[in-house]
2 protein chains.
Amino acid sequence: MPIRVTVDIVIFTIRSSRLHVLLVRRGLAPFKGQWAIPGGFVREGETLEQAALRELREETGVDEVYLEQLYSFGDPGRDPRGRVVTIAYFALISSDRAVPVAGTDAAEAGWFPMQSLPPLAFDHRRILDYSLERLRNKLEYTTVGFQFLPRKFTLTELQRVYEAILGRPLEKRNFRRKMALLRILRPLREWRREGVHRPARLHQFVAELRPILPRRRRQRFDATPPR
Amino acid sequence: MPIRVTVDIVIFTIRSSRLHVLLVRRGLAPFKGQWAIPGGFVREGETLEQAALRELREETGVDEVYLEQLYSFGDPGRDPRGRVVTIAYFALISSDRAVPVAGTDAAEAGWFPMQSLPPLAFDHRRILDYSLERLRNKLEYTTVGFQFLPRKFTLTELQRVYEAILGRPLEKRNFRRKMALLRILRPLREWRREGVHRPARLHQFVAELRPILPRRRRQRFDATPPR
DNA sequence: GCAAAAGTGTTCGGACTACACCCATGG
DNA sequence: CCATGGGTGTAGTCCGAACACTTTTGC
């Protein structure tokens, strides 16, 4: 009895300032009727990443997103049907594109806030927990956070993204100073006016997706000249 | 034709102040006679981690080491025999235990310095490159570095480990201050004397393996009382 | 007394934290 | 004129980096 290989994909987005994940309701046994993260078997000629992208497209219609391999889970017994090793990925989708369509083999699909998840099939709870941990870490030292926003956004919207992922409020002045120091935002000559208050300046994310470089000084050494 | 699943394991150690990796010479086609990292098929009832540990034991006789899942590689065509997905792990072995024994299905095994690797079978070069990157990152924010040393060691030995992994020299005073600040070393009342110079104090690594916590202050907020 | 490694202190700059008030707008 | 979010500056602390000389030993 050979081992079968699937990819599962955790799809994150931000909705109304809260981190959400896309779940599908299983139409078939096992765990029929339960919620699960999208996934499926890896096909003949495709790479693991292509398989993940295919699942993503089937569920959301979206392509060209941030996608990263998370971890592989393969405990015997994690799938009652037999030995299944899954390679888990996670994807980040900007809120303006986050419109799920029901998958082919899924009866139903929907966005769930990470703070209140339903019971999940298989070991998917564990996968979700780990992907959140990873996302939080990445947020600290890369610019993945921008993946959740449309091209133009306000600084407060950006801050809300960070807060939603980290799960704690941030201090406005410090947050803005940090962003300014990173020099990855271009302030636009456009303002968004909404509500009864001062309009907010729009910004663009400029610079490719990259790790945040804490500009190191070059290291020199004790230059004790021979006496 | 089903996908087959293997684990491959990158086994690191430090020898004469340089980072080494354990390679085995392949006895069978494909890539017969070439060097490769140890690995093998995942068996029926074992977890992925158990499979990695089994390979590790077969190659080195060593158990109870630092072991971490690295990444999964599954491009079609990475193995000419057919579709093989491999889950790569890496392990860290202290220099005093790093005595390889030839594996069961391997003709020969040996430690190679990471700076001068032979041509490798499959996509193993890529796996090695990635594992080094990961090891370097982990070194910065965890205490994995200690895994390479015996229980008692000198501060200079510890510094050599860090230098070997990072591939650059470090500054002695800063390195020692940092270690002192972390409070994870117990200085012993023992000294090692060797060579014609002042003896070096021995230290022990105390505290469990853990991430290095940059002690955050609790964040408070603008407490503008309502006027 | 000399060669060789062990050991040690201070200064600077960058980044993070804490913290409170004025500004522009629409109603 | 008021409610609402947008926007801004300063002071303290911590940490990493730079940098050179004294100590102890065996020969």
Side-chain angles (χ1 to χ4, degrees), chain A residues 16-17 139-141 152-163 166 168-185 187-203 211-227, chain B residues 16-17 139-141 152-163 166 168-185 187-203 211-227:
Chain A
S16 43
S17 296
L139 196 65
E140 310 264 9
Y141 64 94
K152 299 176 179 181
F153 51 85
T154 70
L155 292 178
T156 299
E157 287 169 343
L158 182 60
Q159 187 178 335
R160 295 287 169 267
V161 168
Y162 274 69
E163 291 173 335
L166 296 177
R168 63 187 161 96
L170 298 176
E171 210 279 327
K172 183 163 56 162
R173 281 163 292 188
N174 294 336
F175 180 79
R176 288 169 182 235
R177 187 191 359 267
K178 179 170 172 151
M179 287 301 151
L181 247 41
L182 291 178
R183 314 185 119 274
I184 51 179
L185 293 182
L188 303 175
R189 289 187 190 285
E190 294 176 60
W191 283 260
R192 173 174 307 151
R193 50 186 62 230
E194 64 172 358
V196 187
H197 55 82
R198 182 171 172 177
R201 184 159 206 166
L202 292 177
H203 295 253
I212 291 165
L213 306 168
R215 34 183 164 293
R216 306 192 172 281
R217 269 167 294 185
R218 185 178 314 280
Q219 181 156 331
R220 269 159 267 144
F221 301 98
D222 285 352
T224 314
R227 281 163 298 174
Chain B
S16 44
S17 295
L139 196 64
E140 310 265 9
Y141 65 94
K152 298 175 181 181
F153 51 86
T154 69
L155 291 178
T156 300
E157 287 168 343
L158 181 59
Q159 187 177 335
R160 295 286 169 269
V161 168
Y162 274 70
E163 291 173 334
L166 296 176
R168 63 187 161 93
L170 297 175
E171 209 279 328
K172 183 162 56 162
R173 280 163 293 187
N174 293 336
F175 180 80
R176 284 167 185 237
R177 176 155 359 91
K178 177 170 172 151
M179 288 300 151
L181 246 41
L182 290 177
R183 313 184 119 276
I184 50 180
L185 293 182
L188 302 174
R189 288 187 190 284
E190 293 176 61
W191 282 260
R192 174 174 307 153
R193 49 187 62 230
E194 63 172 357
V196 187
H197 56 82
R198 183 171 171 176
R201 184 158 205 165
L202 291 177
H203 294 252
I212 292 165
L213 306 168
R215 37 183 162 290
R216 304 191 173 282
R217 268 166 296 184
R218 187 178 316 278
Q219 180 157 330
R220 268 160 269 144
F221 301 98
D222 284 353
T224 314
R227 280 164 296 173

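We name chains A, B, ... by the order of the sequence lines, and we start the count at 1 in each one. Just so you know, these numbers come straight off a predicted model, no measurement behind them.
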Quiz prompt | Set of residues satisfying salt bridge (Lys or Arg N to Asp or Glu O under 4.0 Å) with respect to Arg176(A), sequence neighbours excluded | solution = none
Quiz item: Rounded to the nearest Å, what distance is computed from the CD atom of residue Glu171(B) to the C1' atom of nucleotide dC15(D)?
Solution: 15 Å
Quiz prompt | Listed nucleotide nearest any side-chain atom of Asn174(A), set dG7(D), dT23(D), dC19(C) | solution = dC19(C)
Quiz item: Nearest-Å distance, CG (Leu181(B)) to P (dT13(D))?
Solution: 16 Å
Quiz item: Rounded to whole angstroms, how far apart are CG on Leu185(B) and P on dA6(C)?
Solution: 15 Å
Self-check item: Minimum heavy-atom distance between Phe175(B) and Leu155(B), given as atom pair plus value
Solution: CE2-O, 3.9 Å
Quiz item: Do Arg193(A) and dT25(C) share a donor-acceptor pair, side chain to base, under 3.5 Å?
Solution: no
Quiz item: Tell me: CG of Leu202(A) to P of dG6(D), nearest whole Å?
Solution: 12 Å
Practice problem: Starting from the 5' end of DNA chain C, give me the residue, Arg177(B) or Leu155(B), whose nearest nucleotide shows up first. | Solution: Leu155(B)
Self-check item: Test salt bridge (Lys or Arg N to Asp or Glu O under 4.0 Å) applied to Arg192(A) - qualifying residues, sequence neighbours left out
Solution: Glu157(A)
Quiz prompt | Minimum-distance nucleotide (side-chain atoms of Lys172(B) versus dG6(D), dT25(D), dG7(C)) | solution = dG7(C)
Quiz prompt | Results of salt bridge (Lys or Arg N to Asp or Glu O under 4.0 Å) for Lys152(B) - residues two or more places apart only | solution = Glu190(B)
Quiz prompt | Integer-rounded Å distance: dG5(D) C1' and Gln159(A) CD | solution = 12 Å
Quiz item: For the pair made of CG in Leu170(B) and P in dC15(D), what is the distance, rounded to whole Å?
Solution: 19 Å
Exercise. Return the nearest nucleotide to the side chain of Lys178(A); candidates are dT25(D), dT8(D), dC16(C).
Key: dC16(C)
Quiz item: With a 4.0 Å cut-off on heavy atoms, is Arg201(B) in touch with a base, just the backbone sugar-phosphate, or nothing at all?
Solution: sugar-phosphate
Quiz item: In chain order, what residues pass the side chain to side chain donor-acceptor pair (under 3.5 Å) check against Glu163(B), with sequence neighbours excluded?
Solution: Gln159(B), Arg160(B)
Quiz prompt | Distance, rounded to the nearest Å, where Phe175(B) contributes CZ and dT8(C) contributes C1' | solution = 16 Å
Practice problem: Rounded off to whole Å, could you give me the CD-to-P distance for the Glu157(B) and dA5(C) pair? | Solution: 14 Å
Quiz prompt | Options dG9(C), dT25(D), dA15(C), nucleotide nearest the side-chain atoms of Arg173(B) | solution = dG9(C)
Exercise. Output yes when at least one side-chain N/O atom of Arg198(A) is less than 4.0 Å from OP1 or OP2 of dT4(D), else no.
Key: no
Quiz item: How long is the span from the CE atom in Met179(A) to the CG atom in Leu181(A), to the nearest 0.5 Å?
Solution: 10.5 Å
Distance-only criterion, 3.5 Å: show the donor-acceptor pairs between side-chain atoms of residues 193-203 of chain B and protein atoms not counting sequence neighbours.
| from | atom 1 | to | atom 2 | distance (Å) |
| --- | --- | --- | --- | --- |
| His197(B) | NE2 | Glu194(B) | O | 2.8 |
| Arg201(B) | NE | Leu188(B) | O | 2.7 |
| Arg201(B) | NH2 | Leu188(B) | O | 3.2 |

Check: protein-nucleotides 1-3 of chain C nitrogen or oxygen pairs below 3.5 Å:
none

Quiz item: What nucleotide among dT24(D), dG7(D), dG6(D) has an atom nearest to a side-chain atom of Thr156(A)?
Solution: dG6(D)
